[in-house]
K.L.:
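Structure provided below as C-alpha cells; questions to follow.
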Amino acid sequence: MRQKIDEILKSDIIALDTETTGLNVRKDKVIGVGVASDAHSLYIPLLVWEGTELQPTQYLEDANYLLQQLKNKKLVLHNAAYDLRIIKHDLGIDLLSALHCDTILLKHTLEETPPFSLKDIAVKNAKALGYDRDPTEESKELKASIEANGGKSTKDCYELYKADVNVIARYCEQDCKLTLAVYNYYSKKLIDEGLVDFYYKDEVLPLYKFVSIPMMERGIKLDMPKINRAKEEISFDLIRLEKEVQDGIKTYSSDFKAWFFENEYPVKTNGNFAQAVANYYELELPVTKTGKLSVARGAVESLPESDGKSFLLGHMQLPADIIEELQMKMHGETVGEYFININSKDHLKRIIFSFLGEKPERHTEKGAYQLDDSYLQSISHKYSFIPPLLVYNKLNKIKATYIERFLKESENGIFYPQFNQHRTISGRFGSDIQQLPRNKDSGDELVLKYTNIIRSFFIARPYHLFVDSDYESLEPHIFASVSGDKGLQDIFNNNMDFYSTIAIMTEKLTNVSADKSSDNYLGKVDKEARQRAKAYCLGIPYGMESFKLSKDLDIDQREAQSLIDQYMKAFPQLKQWMDRTDLAVKSVGYVTSLVGRKRRMPEAVSIFNKHGDSILDSLQLWKDYHEQGALYEDMKEKRWKLKNCINNGRNFQIQSLAASVVNRSSIAINLELAAKNIKAFIVCSVHDQTIVECRVEDKEAVAEIVQRNMENIIKLPVKLKAPPSFGKNFADSH
DNA sequence: CGGGCGAGCGCC
DNA sequence: AAAGGGCGCTCGCCCG
C-alpha cells in the first residue's frame, strides 16, 4: 500500500475523491479516499461494512500518511467544498490550502449551464475525455450491490457504504481519473478563452477558498427558543384561521359536501366512478392500454354476479353509504377534521370556479386556471372565507419555509447554509438562505408579526455582532455604469434619485424634482409617478415590450410604446449600448461582463443567420405564417428564443458585474481581516449585501474594512456606496 | 412509496 | 401578435 501511495505522490497534480456514509459533512463519515495521478490511481478503504456495522480497516495509518502528504500537492476535486469539509471534520486534516482546482467551477466558468455532475459532464464530452463507461449501468451495479447487502438505495437514503468494497473502490478510482481528465480538458479551454486569471487569481477560486467554503463551514447561530415559540404561536393561529375559512365555505351551501360530490364525482356507470366501483367490488375486468379497468358492457356481463356488476349494468342503485365512501375515496384522504384541504389548489379551484362560479382572470403557463394571491385579493370582498384564507396562506408559507425548515435543519443551534458558485449563470451565489422575507411595515397585523420575526432568528454568537453592509441600489448603479450613458451616470454622481430622474426625463414631467431633499421631490409630491417608473426603468432595457408594459401600468399600448420611445430618446447612449449588445448576441453568440465573465448563447447566431431580424417582428410573423399551423408555432418559438437571448445578453452584463463586485469585495474583506488578524468572518452574502460576524470590540475596525473594500473594489464611472450597520441579529442589523 | 413537476411565493 | 432577468423552497398531485 505504501508503495502505491508513493507512486501517486510522485505527481504534483493529484485528483482526490472521497466516499462517505452520507451528504452531511458534519455528521457523516469518510469510508474511503481515492486519488489519481496521470499514471496511477488508488482507493484506500477506511471503513468497511461487515454485515451489521462499519469496521475500521488496517489502512488508517496509510490514509493518514497520504492525506498529510497531499498538503504539499496541487489537488483537483469535483465539488471540493464537500470532500474537503468532510475530510477536515471527520479526519481532522485541512487540505483547503492545497486545493488547486475544482472541476465544477472550471466547467462552470467555461460552460455556464448544466450539467454539472461529474458523470453527466463525462457523458456529454465522452469523446474528448476518452470516457467509455455507462453511468446508468454503474449506478445500477452499485444499487444492486447495496441492496444485496441489505442496504437502501433511494435518493433520500443512499447507503453507499453497504456496497461491496471492491465495487466502491473501482468507482472511486474511476471518478478520480475522470476528474483529472475533466481538469485537463477544460484547462485547455480556459487558456484559449483567456480566463485563467479570472478563474485562478481574480475571482472564482479565491472566492471559493476564502469566502464560500469558510462561510459554509462557519454557519449562523439560530435563536432556537424564539423559533420554537414562533412555531407554537403560528400553529395556534393557523388552526384558528383554518376554522374561519372552513366555516366560511360552509355558509355558502347548506349541504356543500353533497353538492361537491354530485358535481365532481357523479354517480355514473363509466369514467372514474365506474373505476372506483370496479376496484371496490374487486371485479376481475381486463386492463386497457392506459392501465384502467375495462368496463365495457361485454366484459362486465361475463363477470360473476355482484352488486358492482349489477350497478355497472344499470340494474340497480348502490346504497347511499357506499356511494359516499367511494366518493370520499376519489376525493382523497382529507387532513384532520375537514373534508376540504385548503392547502390544495385543486380543492379551492373547485369551490371557487365550479361551485361559486367565479370567472378566472388568467391562466398558468400550462393552461390551468390561475389561483394566486392577487386573484384571491380581487374576489376577497365577495366571500367571507377569502380574507382569512389570504392570511392563512401567508402564515402557512412562513411556517413551512422559514420556521419548520430552520428547526429541522439546525445542528446544535447552528444553520449551515449552502453557497453554490456554479448554480447561477451570472456568477451570483446560488443559496438556500437568500429568500428570507424582508421586514415589512404595513399590511395585515398577523402577517406582519410573523414576517418580521424571521430574520431575527439568525443571531450573532455570544460577544459577537453582525456588521451588515448593503450596496445602495447596486443594480441601477451598475446599470448606469455599464450602459455608458452619461445621463444615467449623472443621476448618481449628482446624488439624484434614479427612478425620479428617469420618470421626469422620459415623461417630461414639470415642476417636480429628482432631488430627494427638494420640496417638490417626485417621490414626495407624486409617489405614484415614481412607482410607475420603477416598472420600466430597468424593465425596458431588459427587453420589456409595450404589450407587457401597458398591462403593468394599466395604460393603452400606444401610450406604453411612446414611453419606451421617449425613454430611449432621453438616454441615447443607453439605446446605443442596447443595440451593440443585440448585435453581439446575434453575430457572435455571447456577451462578456466588464471583468470577463461570459454568457454563451450560440443558438442566437443560428436563428439569426437563418431568419434575420424579421424573426423578431411578431406582427410580421403572424401575417406571414399564421395560416400554416405548425410552421407558425415553430417561428414563434424561434422568435421567443432569440428575443430571450437578446434580453439575457443585456441583463447578464449588469447582473454579472454586480455579482463580481460583491464577490471580489468579499474576497478582499476576508483577506484583509485575516491579514490584520481580526477574528471576523463573512457569514452571509446575498446579491448586494455582505454580513460579517465579529467580536463586539472589533466592530468599528471591521465596518471600515467592509465599507472601504465594497466601495472601491472595482472603479466604475459611478461611485458605489455601501454604508455598514450593526446588529445582534439579521433583522436589526439592516 | 419515491421521484418529478407544476404552481405559488420568497429574495435581489 | 405579444414572455424584462437571476434564483430556492414547499406543497399537492401524478406517475411508475
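Each chain gets a letter, A, B and so on, in the order its sequence line appears, and its residues count up from 1.
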K.L.:
Figure out the CG/C1' separation between A:Leu348 and B:dG8, and round it to whole Å.
P.N.:
13 Å

K.L.:
For the residue pair A:Gln557 and A:Gln561, confirm or rule out a side-chain donor-acceptor distance under 3.5 Å.
P.N.:
no

K.L.:
Which nucleotide in the set C:dC11, B:dC9, C:dA2 lies at the smallest distance from any side-chain heavy atom of A:Asp372?
P.N.:
B:dC9

K.L.:
Indicate yes or no: at least one non-hydrogen side-chain atom of A:Thr451 is less than 4.5 angstrom from one of A:Asn439.
P.N.:
no

K.L.:
Is the phosphate of C:dA2, meaning OP1 or OP2, less than 4.0 Å from a side-chain N or O of A:Arg639?
P.N.:
no

K.L.:
For the side chain of A:Lys397, counting heavy atoms from C-beta on, which of C:dT10, B:dG10, C:dG5 is nearest?
P.N.:
B:dG10

K.L.:
Would you say the side-chain atoms of A:Ser431 and A:Gln418 include a donor-acceptor pair closer than 3.5 Å?
P.N.:
no

K.L.:
Is any side-chain nitrogen or oxygen of A:Ser344 closer than 4.0 Å to OP1 or OP2 of C:dC13?
P.N.:
yes

K.L.:
Under 4.0 Å between any heavy atoms, over every strand shown, what does A:Asp373 touch: base, sugar-phosphate, or nothing? Just pick one.
P.N.:
sugar-phosphate

K.L.:
For the residue pair A:Tyr392 and A:Asn343, confirm or rule out a side-chain donor-acceptor distance under 3.5 Å.
P.N.:
yes

K.L.:
Rounded to the nearest Å, what distance is computed from the CZ atom of residue A:Phe429 to the P atom of nucleotide C:dG8?
P.N.:
13 Å

K.L.:
Taking only the side-chain heavy atoms of A:Gln434 (C-beta and beyond), determine which of C:dC7, B:dG10, C:dA2 contains the nearest atom.
P.N.:
C:dC7

K.L.:
Quickly work out the A:Glu409 CD to C:dC9 P distance and round it to whole Å.
P.N.:
8 Å

K.L.:
Please test A:Tyr375 against A:Phe353 for ring-ring contact (aromatic ring centres under 6.0 Å, His included), starting from the C-alpha separation and ending with a verdict.
P.N.:
CA-CA 12 Å; A:Tyr375 179 79; A:Phe353 298 127; 5.5 Å; yes

K.L.:
5'-most contact on DNA chain C: A:Gln655 or A:Gln557, nearest heavy atom basis?
P.N.:
A:Gln557

K.L.:
Using a 4.0 Å heavy-atom cut-off across all strands, classify A:Ser431 as base, sugar-phosphate, or nothing.
P.N.:
sugar-phosphate

K.L.:
Name the pairs: protein N/O against N/O of nucleotides 14-16 of chain C, kept only if under 3.5 Å.
P.N.:
none

K.L.:
At less than 4.0 Å, is any side-chain N or O atom of A:Lys440 found next to OP1 or OP2 of B:dC11? Yes or no.
P.N.:
yes

K.L.:
Round to the nearest Å and state the distance from A:Leu390 atom CG to B:dG8 atom C1'.
P.N.:
13 Å

K.L.:
Check whether any side-chain nitrogen or oxygen of A:Arg438 sits under 4.0 Å from OP1 or OP2 of B:dC12, and answer yes or no.
P.N.:
yes

K.L.:
Using heavy atoms and a sub-4.0 Å distance, could you list which residues of residues 616-631 of chain A are near DNA chain B? By number, please.
P.N.:
none

K.L.:
Please report the distance, rounded to the nearest Å, between CD in A:Glu404 and P in C:dG8.
P.N.:
22 Å

K.L.:
Establish, with yes or no, whether the OP1 or OP2 oxygen of C:dC13 is under 4.0 angstrom from a side-chain nitrogen or oxygen of A:Asn341.
P.N.:
no

K.L.:
Within a radius of less than 6.0 Å around NZ of A:Lys641, do more than 12 heavy atoms belonging to other residues, nucleotides or ligands occur?
P.N.:
no

K.L.:
Please examine the side chains of A:Asn729 and A:Phe457, heavy atoms only from C-beta on, and report whether any two atoms are closer than 4.5 Å.
P.N.:
no

K.L.:
Could you please name the option among B:dC11, B:dG10, C:dG6 that lies closest to any side-chain atom of A:Lys394?
P.N.:
B:dG10

K.L.:
Where the side chain of A:Asn651 is concerned, which of C:dA2, B:dG10, C:dG5 is the nearest nucleotide?
P.N.:
C:dG5

K.L.:
As a test of reading the structure: which of C:dC13, C:dG6, B:dG8 is closest to the side chain of A:His347, going by heavy atoms?
P.N.:
C:dC13

K.L.:
Regarding A:Tyr625 and A:Asp634, do their side chains bring together a donor and an acceptor under 3.5 Å, going by distance alone?
P.N.:
no

K.L.:
Compare side-chain N and O positions of A:Asn396 against OP1 and OP2 of C:dC11 and report whether any pair is under 4.0 Å apart.
P.N.:
no

K.L.:
Using whole Å, what does the distance between atom P of nucleotide C:dT10 and atom CD1 of A:Ile454 come to?
P.N.:
13 Å

K.L.:
Fit a plane to each ring of A:Tyr567 and A:Phe571, take the angle between them on a 0 to 90° scale, and name the class: parallel (under 30°), tilted (30 to 60°) or perpendicular (over 60°).
P.N.:
perpendicular

K.L.:
Could you tell me if A:Lys107 sits above the aromatic ring of A:Phe116, with its cationic atom closer than 6.0 Å to the ring centre and no more than 45 degrees from the axis?
P.N.:
yes

K.L.:
Between the base of C:dA2 and the ring of A:Phe547 - centre-to-centre under 5.5 Å, planes within under 30° - is that a stack?
P.N.:
yes

K.L.:
Contact class for A:Tyr632 vs. all strands (heavy atom < 4.0 Å): base, sugar-phosphate, or nothing?
P.N.:
sugar-phosphate

K.L.:
Does NZ or CZ of A:Lys598 fall inside the cone over A:Tyr590's six-membered ring, less than 6.0 Å from its centre and within 45° of the axis?
P.N.:
yes

K.L.:
Rounded to whole angstroms, how far apart are CZ on A:Arg428 and C1' on B:dC11?
P.N.:
9 Å

K.L.:
Given atom OH of A:Tyr402 and atom C1' of B:dG10, what is their separation to the nearest angstrom?
P.N.:
4 Å

K.L.:
Looking at A:Ile234, is its backbone amide N or carbonyl O close enough to the side chain of A:Tyr450 to form a donor-acceptor pair, meaning the two atoms are under 3.5 Å apart?
P.N.:
yes

K.L.:
Determine: side-chain N/O of A:Arg405 to OP1/OP2 of C:dG8, distance under 4.0 Å, yes or no.
P.N.:
no

K.L.:
Out of C:dC7, B:dC11, C:dG5, which has the shortest distance to the side chain of A:Asn648?
P.N.:
C:dG5

K.L.:
Any heavy-atom pair between the side chains of A:Pro476 and A:Phe492 that's under 4.5 Å?
P.N.:
yes

K.L.:
Assign A:Ile433 to base, sugar-phosphate, or nothing according to its heavy-atom contacts below 4.0 angstrom with the strands shown.
P.N.:
nothing

K.L.:
Do A:Asp565 and A:Ser562 get their side chains close enough for a donor-acceptor pair, meaning under 3.5 Å?
P.N.:
no

K.L.:
Please encode protein proximity along nucleotides 1-7 of chain B as a string of B, S and -, counting only heavy-atom distances under 4.0 Å.
P.N.:
-SSS-SS

